[in-house]
Peer 1: 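I have a structure here, written as structure tokens, and I will follow up with some questions on it.
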2 protein chains.
Amino acid sequence: MTAVVSFSDLKRVCGNCSLRELCLPYGISATDLKQLEQMVQRLSPIARGKPLFQQGDPLRSIFAIRTGSVKSVTVAEDGAEQITGFHFPGELVGFDAIAADVHDCSVVALEDTSVCEIPFDRLDELSGSVPGLRRQLMRLLSREIQQDQQMLLLLGKKGSEARLAAFLLSLSSRFVGRGLSASRFHLSMSRGEIANYLGLAMETISRLLARFQQDGLMTVDGREVTLLDLPRLHVVADMGGEGGGLTRRREG
Amino acid sequence: MTAVVSFSDLKRVCGNCSLRELCLPYGISATDLKQLEQMVQRLSPIARGKPLFQQGDPLRSIFAIRTGSVKSVTVAEDGAEQITGFHFPGELVGFDAIAADVHDCSVVALEDTSVCEIPFDRLDELSGSVPGLRRQLMRLLSREIQQDQQMLLLLGKKGSEARLAAFLLSLSSRFVGRGLSASRFHLSMSRGEIANYLGLAMETISRLLARFQQDGLMTVDGREVTLLDLPRLHVVADMGGEGGGLTRRREG
DNA sequence: AAAGCACCTTGACCTGGATCAAAGTCGGGT
DNA sequence: ACCCGACTTTGATCCAGGTCAAGGTGCTTT
């Protein structure tokens, strides 16, 4: 092991590429970092609506979103499509494919999007020699499990208002992490995509947004959104359990 | 690296413990295996209703179910409980905790259950020196992501019949994997727990089981279940998408 | 064998959100 | 400027599944 790389060195290498998330806090040596740097390729931007990879494609690489945004979509045998996630700069996609070496969802750009490609076998190899990288990879996989399970709770136990509020708050907190505004942002996905993601009908999203606005929780102008009352949105997002006021019985 | 261990050696070491799933097909050396063997501890059986670990506990170990069965439960801030999974012999639990070093679900025994405990930091350490083990760990994490996303599709897009049918088929195929009958088995969870897991009301489960029986799809006697028509159950499980006959519009 | 309890079933009714329908809005192309 | 197609809003109606209520069923305890 050679010297640990400084923060500024890293910034030079990855810029604000999301890969710094992958390696930063875990002490990577200069040689290891060089290897990591060399394995990453910048792809030409993906146009809105174009897939980064598709369900059924063999696992070749993991991708990091640099700019723009994407959705991941799973289609069932019967043709039903479920959006399983939206991803923004600094986030990685493709982890679903490790289990079977085949992607079981498609990832599609919601707007013009640039990504970095990380060939998986090289990443795997390097993670053998860099314990911090291995831990970080596992952490990322585990985080995805957590998020999906949080989503299961949302779909299994919460009503439409709580779902939408939770969705807006999730976007907000992720934008904050990127140094953007917590309360004012642009939705890169359509109402229909939000609806699909939350297991609701498009019309319901439309009505809910109108109601939230009317209740002073937020402002909506097309896809431009301003959250006016974060605390109350949190209350709405937490509604619907047996702990709160209005119960919603479901188990015996 | 010393000699690769034979299948029979492995059987001696892990018996039919689920850990063989973790290491078997990936060529582990005798010394490595010895290390793995030494790190695994057999816990005294967990009584029905007792937790293996609880939401909020720090990550210490991963657990492999040896006999019996467990459920994992997440409780939201508002008190709503969501069962995020059922686990049977040969399956591992605890992966959710890697991201934050804290378990974000509780795992509770559905019947008297015996498990093996695998201290996580030792597993992590060993996985550094054994590439096959590392790959297998990643595969397991990734598989959990896949399963959760499959579940998201179920909760987001399918009706009650499809959910229950898919649930029964999932149990069936998992039991087959353990060498048990695909069509005849015992439910170790209550109707209420099934309902909670599937995002339905207990009464709905009860009614659906009655209807499935009446339709000749299966036989129910308390918690004893016999699947009579696997193919038709598959059809029911796949219902509800825009590809099939009866549509269920949701996106624009 | 009676009581107690946890679990399950069945029926009657209600409601949240889906579906159907019909305009309205906006951005991009010619 | 105008048109076109994709997206969004809003209203009316419907229904799958939740909720409420009232018994069963069967196991364990005494």
Side-chain angles (χ1 to χ4, degrees), chain A residues 47-49 71 80 108 110-112 154-165 167 186-214 219-225 236 239-242 246-252, chain B residues 47-49 71 80 108 110-112 154-165 167 186-214 219-225 236 239-242 246-252:
Chain A
R48 170 187 155 84
K71 61 175 173 181
V108 178
L110 292 171
E111 56 195 315
D112 291 1
L154 205 66
L155 294 189
K157 293 277 159 315
K158 302 298 189 83
S160 59
E161 298 189 354
R163 292 186 202 185
L164 184 56
F167 172 71
H186 176 83
L187 301 172
S188 56
M189 68 293 292
S190 72
R191 304 284 191 269
E193 287 165 330
I194 297 174
N196 181 301
Y197 178 61
L198 296 178
L200 300 168
M202 187 184 41
E203 294 91 329
T204 302
I205 300 298
S206 206
R207 280 187 254 266
L208 248 34
L209 285 174
R211 192 185 324 164
F212 281 4
Q213 179 158 36
Q214 187 179 317
T219 269
V220 192
D221 174 27
R223 294 186 174 191
E224 227 53 54
V225 144
V236 174
M239 270 185 347
E242 14 239 302
L246 316 170
T247 47
R248 185 174 294 264
R249 188 172 66 90
R250 244 147 183 168
E251 194 191 348
Chain B
R48 169 187 156 83
K71 60 176 174 181
V108 178
L110 292 171
E111 56 196 314
D112 290 1
L154 205 65
L155 294 190
K157 292 278 159 315
K158 303 301 190 80
S160 58
E161 297 189 354
R163 293 187 201 184
L164 184 56
F167 172 70
H186 176 83
L187 302 172
S188 55
M189 69 292 292
S190 73
R191 304 284 192 271
E193 286 165 331
I194 297 174
N196 180 300
Y197 178 61
L198 296 177
L200 299 168
M202 185 184 42
E203 294 91 329
T204 302
I205 301 298
S206 206
R207 279 187 255 267
L208 284 174
L209 286 174
R211 191 184 323 162
F212 281 4
Q213 180 159 34
Q214 186 179 319
T219 270
V220 192
D221 174 28
R223 294 186 173 190
E224 226 54 53
V225 144
V236 174
M239 272 185 346
E242 14 240 300
L246 316 171
T247 46
R248 184 174 296 262
R249 186 172 66 90
R250 244 144 182 171
E251 194 188 352

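Protein chains get the first letters and strands the later ones, always in sequence-line order, with residue 1 at the start of each.
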Peer 1: B/Gln213 side chain to B/Ala210 main-chain N or O, any donor-acceptor pair under 3.5 Å?
Peer 2: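 Not a single qualifying donor-acceptor pair exists.
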Peer 1: Between B/Arg191 (side chain) and B/Glu203 (backbone), is there a donor-acceptor pair under 3.5 Å?
Peer 2: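 Side chain of B/Arg191 to backbone of B/Glu203, a donor-acceptor pair under 3.5 Å: no, none is there.
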Peer 1: Examine distances only and state if a side-chain atom of A/Lys71 and a backbone atom of A/Tyr197 form a donor-acceptor pair shorter than 3.5 Å.
Peer 2: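 Side chain of A/Lys71 to backbone of A/Tyr197, a donor-acceptor pair under 3.5 Å: no, none is there.
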Peer 1: Any idea which of C/dC7, D/dT8, D/dA21 is nearest the B/Arg223 side chain?
Peer 2: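 When the side chain of B/Arg223 is considered, C/dC7 is the closest of C/dC7, D/dT8, D/dA21.
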Peer 1: Report yes or no: is there a donor-acceptor pair, N or O only, under 3.5 Å between the side chain of B/Arg207 and the base of D/dT19?
Peer 2: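 For B/Arg207, whose side chain was compared with the base of D/dT19, there is a donor-acceptor pair (under 3.5 Å).
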Peer 1: Nearest whole angstrom, please: distance from the P of C/dG24 to the CG of A/Asp221.
Peer 2: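 It works out to 19 Å between those atoms.
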Peer 1: Does the side chain of A/Thr204 get closer than 4.0 angstrom to OP1 or OP2 of C/dA18 through an N or O atom?
Peer 2: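 Checking A/Thr204 against C/dA18: at least one side-chain N or O falls below 4.0 Å of OP1 or OP2.
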Peer 1: Could you check whether any side-chain heavy atom of A/Val108 comes within less than 4.5 Å of a side-chain heavy atom of A/Arg48, counting everything from C-beta outward?
Peer 2: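 No, their side chains stay 4.5 Å or more apart.
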Peer 1: Check every atom of C/dA18, C/dC7, D/dT10 against the side chain of A/Ser206 and return the nucleotide holding the closest atom.
Peer 2: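 Nucleotide nearest to A/Ser206's side chain: D/dT10.
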Peer 1: Between A/Arg191 and D/dA6, is there a side-chain N or O to OP1/OP2 distance below 4.0 Å?
Peer 2: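 Answer is no, no contact under 4.0 Å.
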Peer 1: Take the protein atom CD of A/Glu161 and the nucleotide atom P of C/dT15, then report the distance between them rounded to whole Å.
Peer 2: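 Atom-to-atom, A/Glu161 to C/dT15, this comes out as 16 Å.
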Peer 1: Among C/dA18, D/dG18, C/dC7, which nucleotide sits nearest the side chain of A/Ala201?
Peer 2: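 Output: C/dA18.
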Peer 1: If I take atom CG in residue A/Leu208 and atom C1' in nucleotide D/dT8, what distance separates them, rounded to the nearest angstrom?
Peer 2: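 Distance, rounded to whole Å: 15 Å.
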Peer 1: Would you kindly give the CD-to-C1' distance between A/Glu111 and D/dA6, to the nearest whole Å?
Peer 2: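 Distance check: A/Glu111 CD to D/dA6 C1' gives 17 Å.
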Peer 1: Using whole Å, what does the distance between atom C1' of nucleotide D/dT9 and atom CZ of A/Phe212 come to?
Peer 2: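 It works out to 17 Å between those atoms.
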Peer 1: What's the closest nucleotide to the side chain of A/Arg48 if the choices are C/dA21, C/dC8, D/dC7?
Peer 2: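 Side chain of A/Arg48 sits closest to D/dC7.
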Peer 1: Rounded to whole Å, please give me the gap between CE in B/Met202 and P in C/dT10.
Peer 2: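 After rounding, the reported distance stands at 13 Å.
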Peer 1: Starting at CE of B/Met189 and ending at C1' of C/dC8, how long is that distance when rounded to a whole Å?
Peer 2: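 About 16 Å, once rounded to whole Å.
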Peer 1: Do any N or O atoms from the side chain of B/Asp112 and from the backbone of B/Ala47 form a donor-acceptor pair under 3.5 angstrom?
Peer 2: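 No, B/Asp112 side chain to B/Ala47 backbone: no donor-acceptor pair under 3.5 Å.
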Peer 1: Determine whether any donor atom in the side chain of B/Glu193 lies under 3.5 Å from an acceptor atom in the base of C/dC7, or the reverse, and answer yes or no.
Peer 2: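 Side chain to base: no pair below 3.5 Å.
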Peer 1: Under 4.0 Å: is that the gap between some side-chain N or O of B/Ser160 and OP1 or OP2 of D/dA16?
Peer 2: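 The answer is no; no side-chain N or O of B/Ser160 sits under 4.0 Å from OP1 or OP2.
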Peer 1: Report which part of the nucleic acid B/Arg163 touches: base, sugar-phosphate, or nothing (heavy-atom distance under 4.0 Å, all strands).
Peer 2: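 The answer is nothing, as B/Arg163 stays clear of every strand by at least 4.0 Å.
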Peer 1: If I take atom CD in residue A/Glu203 and atom C1' in nucleotide D/dC14, what distance separates them, rounded to the nearest angstrom?
Peer 2: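 So the CD-C1' distance, A/Glu203 to D/dC14, works out to 14 Å.
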